[in-house]
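Read through the structure below, which is laid out as structure tokens, and then see the notes.
These figures come from a predicted structure and were not determined experimentally.
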Amino acid sequence: QVQLVESGGGLVQAGASLRLSCAASGRTFSNYAMGWFRQAPGKEREFVAAISRSGGLTSYADSVKGRSTISRDNAKNTVYLQMNSLKPEDTAVYYCAATTWMGLIREPTKYPYWGQGTQVTVSS
């Protein structure tokens, strides 16, 4: 198994930037494709971004494309989500997740490992 711990959330004003981090421990980090998801109150968990095992491939939800960058450092067992030009609608709990599925996975049901989440609140 792999254990995941997110950090970097907070309260920011619209237009600000945040970088979320997700530190992994346990099994070999590079064996896992990684994803970021978010869940706002009263809404379903939704896909934000995904990155392949090597970091060479990435995928983004339309809602964050052009404003966010997912990256990973396999030497540090960490995946990042850089979010710029934040909007109030980005307010949610952000989760990182790990999967052994190949490719860029958008379905949360295909991620067996999840962190506890970090709150991002964007004020207008």
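Smallest separation of non-hydrogen atoms from N77 and N74: OD1-O, 3.1 Å. Of all the heavy atoms in V93 and G117, the pair that sits closest is CG1-CA, 3.8 Å.
Residue E44 places its CD atom among 12 or fewer non-hydrogen atoms of other residues, nucleotides or ligands, all under 6.0 Å distant.
Separation of atoms CE (M102) and OG (S52) is listed at 9.0 Å; rounding is to 0.5 Å. One finds the OG1 atom of T78 at 9.0 Å from the CE atom of M34 (value rounded to the nearest 0.5 Å). Rounding to the nearest 0.5 Å gives a distance of 5.0 Å between CD of Q1 and OH of Y113. To the nearest 0.5 Å, the span separating CG on D73 from OH on Y80 amounts to 5.0 Å.
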Identify each donor-acceptor pair in which a side-chain atom of residues 55-67 lies under 3.5 Å from a protein atom, sequence neighbours left out, and give them as a table.
residue: S59; atom: OG; partner: R106; partner atom: NE; Å: 3.2
residue: S59; atom: OG; partner: R106; partner atom: NH2; Å: 2.8
residue: Y60; atom: OH; partner: I70; partner atom: N; Å: 2.9
residue: D62; atom: OD1; partner: K65; partner atom: NZ; Å: 3.4
residue: S63; atom: OG; partner: R38; partner atom: NH2; Å: 3.4
residue: R67; atom: NH1; partner: S85; partner atom: O; Å: 3.0
residue: R67; atom: NH1; partner: D90; partner atom: OD2; Å: 2.8
residue: R67; atom: NH2; partner: S63; partner atom: O; Å: 2.8
residue: R67; atom: NH2; partner: D90; partner atom: OD1; Å: 3.0
residue: R67; atom: NH2; partner: D90; partner atom: OD2; Å: 3.4

Side-chain donor/acceptor pairs under 3.5 Å, residues 13-32, sequence neighbours excluded:
residue: S17; atom: OG; partner: N84; partner atom: OD1; Å: 2.9

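Between W114 and F37, the two ring planes are tilted [angle within 30° to 60°].
Distance alone, capped at 3.5 Å, places no donor-acceptor pair between the Q39 side chain and the A92 backbone.
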Practice problem: Tell me, with the steps shown, if Q119 and T91 meet side-chain contact (heavy atoms from CB on, under 4.5 Å). | Solution: CA-CA 8 Å; Q119 177 70 48; T91 295; 4.1 Å; yes

Quiz item: How far apart are the C-alpha atoms of M83 and Y94, what are their side-chain angles, what is the distance that settles it, and do they pass the side-chain contact (heavy atoms from CB on, under 4.5 Å) test?
Solution: CA-CA 12 Å; M83 299 189 295; Y94 283 71; 3.6 Å; yes

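Put simply, W101 and Y111 are part of the same group of oily side chains (I, L, V, M, F, W, Y) that touch within less than 4.5 Å, one to the next. Using a 4.5 Å cut-off between side-chain heavy atoms of Ile, Leu, Val, Met, Phe, Trp and Tyr, with links allowed through other members, V48 and L4 fall into the same hydrophobic cluster.
Within the 4.5 Å cutoff, the side chain of F47 has no heavy atoms near those of the I105 side chain. Here the side chains of S7 and T118 are not in contact, with every heavy-atom distance at 4.5 Å or above. Side-chain contact between V79 and W36 is present, with at least one heavy-atom pair separated by less than 4.5 Å.
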